[in-house]
Protein chains: 2
Amino acid sequence: MAGRADALSIGLNAVIVAVTGEVPRVLTVEPPKLALPDQAGRTAKWAETPYALPFGPFEPRRHRTLELGLRSWVDEQTGLALGHVEQLYTYADRNRDPRELAGGPRVVSIGYLALVREDAPQEDTKSEWCDWYDFLPWEDWRAGRPPWVDEVIRPLMWRWAESSSDEETRRGRGERVSIAFANNGAAWDPVRLLERYELLYEAGLVAEAERDRLLAKSRGRTGGRIGGLPHAERLNAIAATGRPMSLDHRRILATALERLRGKLNYRPVVFELLPEDFTLFRLQRVIEALAGAELHKQNFRRLVTNTRLVEATGGRESGGRGRPAKLYRFRRDVLLERPAPGIGMPAPKQPD
Amino acid sequence: MAGRADALSIGLNAVIVAVTGEVPRVLTVEPPKLALPDQAGRTAKWAETPYALPFGPFEPRRHRTLELGLRSWVDEQTGLALGHVEQLYTYADRNRDPRELAGGPRVVSIGYLALVREDAPQEDTKSEWCDWYDFLPWEDWRAGRPPWVDEVIRPLMWRWAESSSDEETRRGRGERVSIAFANNGAAWDPVRLLERYELLYEAGLVAEAERDRLLAKSRGRTGGRIGGLPHAERLNAIAATGRPMSLDHRRILATALERLRGKLNYRPVVFELLPEDFTLFRLQRVIEALAGAELHKQNFRRLVTNTRLVEATGGRESGGRGRPAKLYRFRRDVLLERPAPGIGMPAPKQPD
DNA sequence: AAAAATAATACTCTCACAGAGCATTAGTTA
DNA sequence: TAACTAATGCTCTGTGAGAGTATTATTTTT
């Protein structure tokens with residue numbers, strides 16, 4: 001019925017997120033060895049990326065549903081107790097996985113977002129919690145607008161957009177760049193994170209783009225060209241666009257964070273990342289970490305208390321300097337009261 | 001490598017949406033024959049559902065990406081020019097497809113939402129545009145709160161929630177029902193459409209639940225029980241919860257509409273359903289059709305004009321009764337100006 | 001041709017809420 | 001005891017949504 005070339009396999013990729021202190025983290029593992037010798041017999045450079053998302057195969061025989069499959073191998077491999085779990089997206093682009101080129105099956109990959117509490121168990125040695133902004137540095141605006149976004153990325157993206165010889169393409173790219181990177185005085189939307197990563201990839205400004213280009217070239221494909229920007233400037237920008245990941249894992253990561261940022265607006269997901277009791281300031285810090293933007297402290301407190309999203313436990317936090325903060329907990333009953341309880345994604349301050 | 005039981009196949013299901021006049025429509029086809037004789041040799045009743053979503057297999061050999069695969073067979077089968085296309089969700093529950101029970105492969109199904117303009121081409125004879133509220137009648141609040149939601153569905157859902165013998169389950173169900181069906185004076189959230197369908201399914205108040213229960217029973221499974229509500233009342237409610245669809249297609253439909261309703265808020269997707277030029281009132285009607293709720297006319301106009309989402313073409317609409325309306329078109333430039341341009345989902349008016 | 005009906009369009013009032021800043025309180029540290 | 005730090009309380013302001021009233025431009029009816 002299905003020949004060799006129709007072989008399919010389904011993989012489940014998890015973006016497992018936690019926040020420790022003010023650092024949003026994602027669990028990474030060492031990637032499987034993907035290196036295929038190129039035509040000259042050398043092992044390609046792109047095989048060396050040290051970060052991958054945890055991955056497990058979907059086994060129809062064992063797994064009743066996709067989510068159960070995911071939970072099952074995450075549990076086996078990490079022992080983490082996943083809280084909120086959410087399916088993100090299914091990727092099946094040809095040659096997503098270079099092993100396909102060597103005759104492997106078409107790998108369909110289903111991305112998942114999973115949240116765990118800070119006080120989560122140990123980590124084993126094969127995995128590592130990384131600051132997610134190491135992979136997406138342009139998304140952290142907590143210390144203000146990152147200057148090199150304005151100075152390097154944005155100008156390059158514009159040049160890329162305008163470098164196309166096709167009128168229609170130029171217009172389309174210009175529109176997308178403008179929206180994603182907030183050009184014409186528009187506001188930077190923290191949620192439009194995936195589009196930004198995809199544009200950077202298309203323009204050849206992230207390491208994976210270069211990797212895939214080289215791979216295609218070494219295989220003698222003509223599709224390996226990245227139009228527009230000079231090689232040297234691309235490499236220069238790549239040095240600033242953060243760590244690469246294996247395969248398309250950084251795209252999956254971007255999808256996850258976009259979803260998470262978006263969801264903050266209308267669903268009380270933050271509380272999945274916090275311990276039972278927390279101070280309002282802690283809550284604020286976690287949201288800022290996720291949103292990559294700072295919040296006005298007083299307004300933030302007004303928001304969460306007015307909307308009755310939290311309630312005081314009666315306890316207070318000891319230890320720190322300054323006036324001790326009251327402890328709060330999530331008020332589950334908001335779910336019964338408000339249609340879409342969430343905490344808004346702040347637009348990062350524009351230095352006008 | 002993979003035994004028989006590990007066989008996999010991937011299907012692409014499309015929810016193709018258009019709005020004609022004030023009627024939101026979805027393209028349906030006649031389902032494939034799924035009937036399996038039960039143990040007594042009879043053909044099960046659930047095989048008779050006349051509506052299915054258009055479906056096509058994903059063929060790794062032919063299709064470079066999932067979306068291209070979808071577009072390709074939709075084009076072949078219907079000739080429709082799809083506008084906006086968006087992946088929804090991937091379903092792989094065991095026994096989703098009863099053919100699996102007869103030794104077929106595990107069918108993984110990827111749902112897509114696609115929008116087409118009203119002035120779309122012909123339809124062929126094998127497909128039919130149906131009012132989507134025929135499948136989800138409780139979601140249409142344009143003529144006010146549907147009385148039987150209050151009188152039939154809600155009380156039954158509460159009884160179901162409280163019928164569990166397990167304290168924890170009761171609490172969980174109560175919360176979900178309360179949120180989804182807006183019980184304690186909470187507002188009915190038009191977007192929470194999928195959760196409502198899923199709850200109705202779990203409570204056995206949609207035809208598919210009964211169908212699956214009978215199927216499981218005929219196969220001698222014990223999982224076929226639906227706890228809580230008496231059979232007669234369930235059947236009574238089922239008569240009011242709209243037309244069933246093949247397999248889990250109604251769930252996919254619900255996913256699609258939830259996504260579409262949600263997206264209206266922050267992305268100008270409506271315009272994918274409208275012709276180039278339209279009157280504001282037409283735009284309003286389309287949004288009302290999607291949202292299943294009525295809008296305040298004056299405020300609506302203020303919103304779309306103030307936010308500069310549309311611009312006057314200069315033309316006017318001839319023909320109708322009353323003062324002729326100006327024609328407008330979508331102002332693509334909003335995309336450059338505003339971070340998340342959309343038209344809000346109205347909360348349907350609550351009586352009193 | 002005038003009156004009635006039908007829609008479109010304009011304007012006002014009110015309330016909720018977000019953004020920004022100032023002021024006060026309750027602790028810790030020097 | 002003073003200085004410092006952080007939490008908490010309060011005000012002012014602008015924007016946008018919800019609701020209602022009034023006016024204008026057409027078609028239909030009489």
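For A:Arg176, the side-chain contact (heavy atoms from CB on, under 4.5 Å) partners are A:Glu195, A:Leu199, A:Glu202, not counting sequence neighbours. Under the side-chain contact (heavy atoms from CB on, under 4.5 Å) criterion, A:Glu86 pairs with A:His84, A:Leu113, A:Arg259, A:Lys263, not counting sequence neighbours. Listed by chain and residue number, A:Val191, A:Leu193, A:Leu194 satisfy the side-chain contact (heavy atoms from CB on, under 4.5 Å) test with A:Glu258 (two or more places apart in sequence, or in another chain). With sequence neighbours excluded, no residue forms a side-chain contact (heavy atoms from CB on, under 4.5 Å) with A:Arg323.
Between A:Leu283 atom CG and D:dA7 atom C1' the separation is 15 Å, expressed in whole Å. With rounding to whole Å, A:Phe300 atom CZ is found 14 Å from D:dA7 atom C1'. In this structure, A:Asn306 atom CG and D:dT11 atom P are separated by 14 Å, rounded to whole Å. Whole-Å rounding puts the B:Asn299 CG to C:dC13 P distance at 15 Å. In this structure, CD of A:Gln284 is placed 12 Å from P of C:dG19, rounded to the nearest angstrom. In this structure, the CG atom of B:Leu295 is 8 Å from the P atom of D:dG18, given to the nearest Å. We find that CD of A:Glu294 is positioned 13 Å from P of C:dG21, with the value rounded to whole Å.
The list of salt bridge (charged side-chain N to carboxylate O under 4.0 Å, His left out) pairs with a residue in residues 304-321 of chain A, not counting sequence neighbours, reads A:Arg308-A:Glu337, A:Glu311-A:Arg329.
Residue side chain B:Arg302 reaches the base of D:dA17 through a donor-acceptor N/O pair under 3.5 Å, judged by distance alone.
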- B/S/- along nucleotides 21-30 of chain D (protein heavy atoms under 4.0 Å) is B--BBBSS--
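Checking B:Lys297 against A:Thr307, the closest nucleotide of DNA chain C that is more toward the 5' end is the one next to B:Lys297.
Between B:Asp131 and B:Arg25 there is no salt bridge, since none of the side-chain N atoms of the basic residue sits less than 4.0 Å from a carboxylate O of the acidic one.
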